[in-house]
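Presented below is the structure to which this report refers.
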Protein chains: 2
Amino acid sequence: MATGRTHRPATRSRGIPEATVARLPLYLRALTALSERSVPTVSSEELAAAAGVNSAKLRKDFSYLGSYGTRGVGYDVEYLVYQISRELGLTQDWPVVIVGIGNLGAALANYGGFASRGFRVAALIDADPALTGRTVAGIAVQHTDELEKIIDDNGVSIGVIATPAGAAQQVCERLVAAGVTSILNFAPTVLSVPDGVDVRKVDLSIELQILAFHEQRKASEENPGAGIDGSLPAAEEPPVVAKRAARNQAPAAGAERPASPDQGPDGDVPAVMPA
Amino acid sequence: MATGRTHRPATRSRGIPEATVARLPLYLRALTALSERSVPTVSSEELAAAAGVNSAKLRKDFSYLGSYGTRGVGYDVEYLVYQISRELGLTQDWPVVIVGIGNLGAALANYGGFASRGFRVAALIDADPALTGRTVAGIAVQHTDELEKIIDDNGVSIGVIATPAGAAQQVCERLVAAGVTSILNFAPTVLSVPDGVDVRKVDLSIELQILAFHEQRKASEENPGAGIDGSLPAAEEPPVVAKRAARNQAPAAGAERPASPDQGPDGDVPAVMPA
DNA sequence: AAATGTGAAAACATTCACAGCT
DNA sequence: AGCTGTGAATGTTTTCACATTT
């Protein structure tokens, strides 16, 4: 998932495994919930259950942070909340800009989780002049022209891209040039960035496709033999396959594609993007 | 059980590694773009670059699907598009329901990538009576009461949850009871589901927190001195390490020794939710 | 000559199982 | 007695490097 792997051991093995880092937010959320209920301590077993992992993994994860538990007792909730927050860098406030205020960008701006927990939406940016000045989630949308100034004025180092795919790379470059070094990309495109810049990607259609894969497998497990086209082209000639043997109900309006067997790049539906 | 007895080599054996499955959509997108430009063949090197991975990994991934390339030449773009689509189950049409039509749900409904590529939004569902009947992305929002009927009538097996966190588990249970076996969860909560049900999670604030972790590390690399050095003490620490972002800083609760759970609520907000 | 497909090695991640602390 | 912290074992993923095929 994480793109851009530019981390070196440098000195001491100060490196927490990436897989562990990815779970820390999960633990933090579970701990925060416990904290709100004034639960003073929690065992690895309980916390693991709340976070949806197993306890051995959790203990191993925590062991990379240090020894923050008490044998025979468990972990002090408040203390652990603080330690993990610190490890994640959430004890400081991160100003964030969101570029692309379409449906998705607006949803992100309204997302409560942003405002809490160390992140602050410093600005909303969009290329559409019709949007600038309008207010979304209590924040005025500013025009793309201002991008560099906004980044600079606010000391922004984290940017969120929620533009159409076609605009993403360009926006990315401007963000990076202006000083942003971490990007959360919602546009369905691969961003190329210089070393030292981190990119994380959230891609709806990829998630759905992964689900479809497993769903299909479930189906064929119950009903083997119903597979599509069992014939295995044992590496024959790569023919211009007549694709999509539509065997299902009619798709919604015009998502069909003409599969002319003779030639033609025939539009495979473009990788569309978020609004 | 069952499964596992592979007759012959060469063919796809059961069990494509999960890491590979997660990359197939990426390859598919890159291939689709090539297809649109009428590029007939592509090498592992080129395709890997377009997908943002390295070529050895790509070849290994493809080797799990079968031998679809031609040595000395590369891969036939159209053919590979078809093979990967088939493997992912995209040669059939998957009806999907979206539950929770707030900001996020609406954004998802409008997301173009949904309609294309084998997915079809079969229904939008929300608990708010004020919304039902209203149209979003050309689809009428229906009330939660209809959930079971909708699932059943449309043969839905994939559900998307975009409700507030508090409602997610309940919605999940109803979806599962009605026959849904794959869930894409946008609510920031851990869903518990019976065996056989797949859940994937998309969590904005987790992604941001992971970025913050790396961002923090970058900052302390340039500006050692006030870093997070794990071997040392907890207690206070001079926040505001970042080069940029010298804005506010967060709470920073006491967190001395793990002992007194007396105080706690430092106005820590709940794990908020979308919509 | 060019590029795939794949064993084998290396790196990384998870799980086990228990010694050691409270 | 209970629960953490961690080496060792196991499993998974990535990378290497090259024989094989066109």
Side-chain angles (χ1 to χ4, degrees), chain A residues 1-9 13 15-24 26-27 31 39-49 51-77 79-80 83 210 232-238, chain B residues 6 8-24 26-27 31 39-77 79-80 83 230-231 257-259:
Chain A
M1 306 238 195
T3 317
R5 202 65 263 289
T6 358
H7 283 114
R8 343 170 11 222
S13 204
I16 296 173
E18 194 54 38
T20 294
V21 172
R23 279 187 296 266
L24 292 181
L26 231 53
Y27 301 144
L31 284 163
V39 175
T41 62
V42 66
S43 70
S44 62
E45 203 72 55
E46 295 166 322
L47 183 53
V53 306
N54 74 52
S55 63
K57 195 185 283 182
L58 178 144
R59 287 201 301 280
K60 185 61 114 183
D61 283 341
F62 285 2
S63 80
Y64 294 116
L65 308 185
S67 290
Y68 294 150
T70 306
R71 290 166 198 238
V73 178
Y75 301 91
D76 180 89
V77 172
Y79 185 62
L80 203 44
Q83 290 300 343
I210 295 171
L232 229 296
E236 271 293 288
E237 245 279 347
Chain B
T6 330
R8 256 359 201 35
T11 350
R12 55 174 156 136
S13 42
R14 256 321 116 70
I16 296 172
E18 194 54 38
T20 294
V21 172
R23 281 187 295 266
L24 291 180
L26 231 54
Y27 301 143
L31 283 164
V39 176
T41 62
V42 66
S43 69
S44 61
E45 203 72 54
E46 296 164 323
L47 183 53
V53 305
N54 74 51
S55 64
K57 194 185 285 182
L58 178 144
R59 287 200 304 278
K60 185 60 117 185
D61 284 342
F62 285 1
S63 80
Y64 294 117
L65 309 185
S67 291
Y68 295 149
T70 306
R71 292 168 198 239
V73 178
Y75 301 91
D76 179 90
V77 172
Y79 186 61
L80 204 43
Q83 291 299 343
S231 54
R257 32 168 334 195

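Both backbone and side-chain heavy atoms feed into the values below; hydrogens, waters and symmetry mates do not. Here the structure is a predicted model, which means the values were calculated and not measured.
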**OP:** If a protein heavy atom is under 4.0 Å from the base, mark B; if only from the sugar-phosphate, S; if neither, -; do that for nucleotides 5-13 of chain D going 5' to 3'.
**Re:** BBBB----S
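As a whole-Å value, the separation of B:Glu45 CD from C:dG5 P is 14 Å. Put simply, CG on B:Leu65 is 14 Å from P on C:dT4, counting in whole angstrom units. Atom CG in B:Asn54 sits roughly 16 Å away from atom P in C:dA3 (whole-Å rounding). For the pair A:Leu58 CG and C:dA13 C1', the computed distance is 15 Å after rounding to whole Å.
Going from atom CZ of B:Arg23 over to atom CD1 of B:Ile16 covers 12.0 Å, rounded to the nearest 0.5 Å. Remark: B:Thr41 OG1 to B:Tyr79 OH distance equals 15.0 Å, nearest 0.5 Å.
When all heavy atoms of A:Val77 and A:Val42 are compared, the pair lying nearest together is CG2-CG1, 4.1 Å.
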Donor-acceptor list for residues 51-58 of chain B side chains, cut-off 3.5 Å, not counting sequence neighbours:
residue	atom	partner	partner atom	Å
B:Asn54	OD1	B:Ala56	N	3.1
B:Asn54	OD1	B:Lys57	N	2.9
B:Ser55	OG	B:Glu45	OE1	3.4

Subject >> Check against side-chain contact (heavy atoms from CB on, under 4.5 Å), B:Tyr75 and B:Leu31 >> reply: CA-CA 10 Å; B:Tyr75 301 91; B:Leu31 283 164; 5.9 Å; no
**OP:** Go through the steps for A:Phe62 and A:Leu47 under the test side-chain contact (heavy atoms from CB on, under 4.5 Å), then give the verdict.
**Re:** CA-CA 12 Å; A:Phe62 285 2; A:Leu47 183 53; 3.9 Å; yes
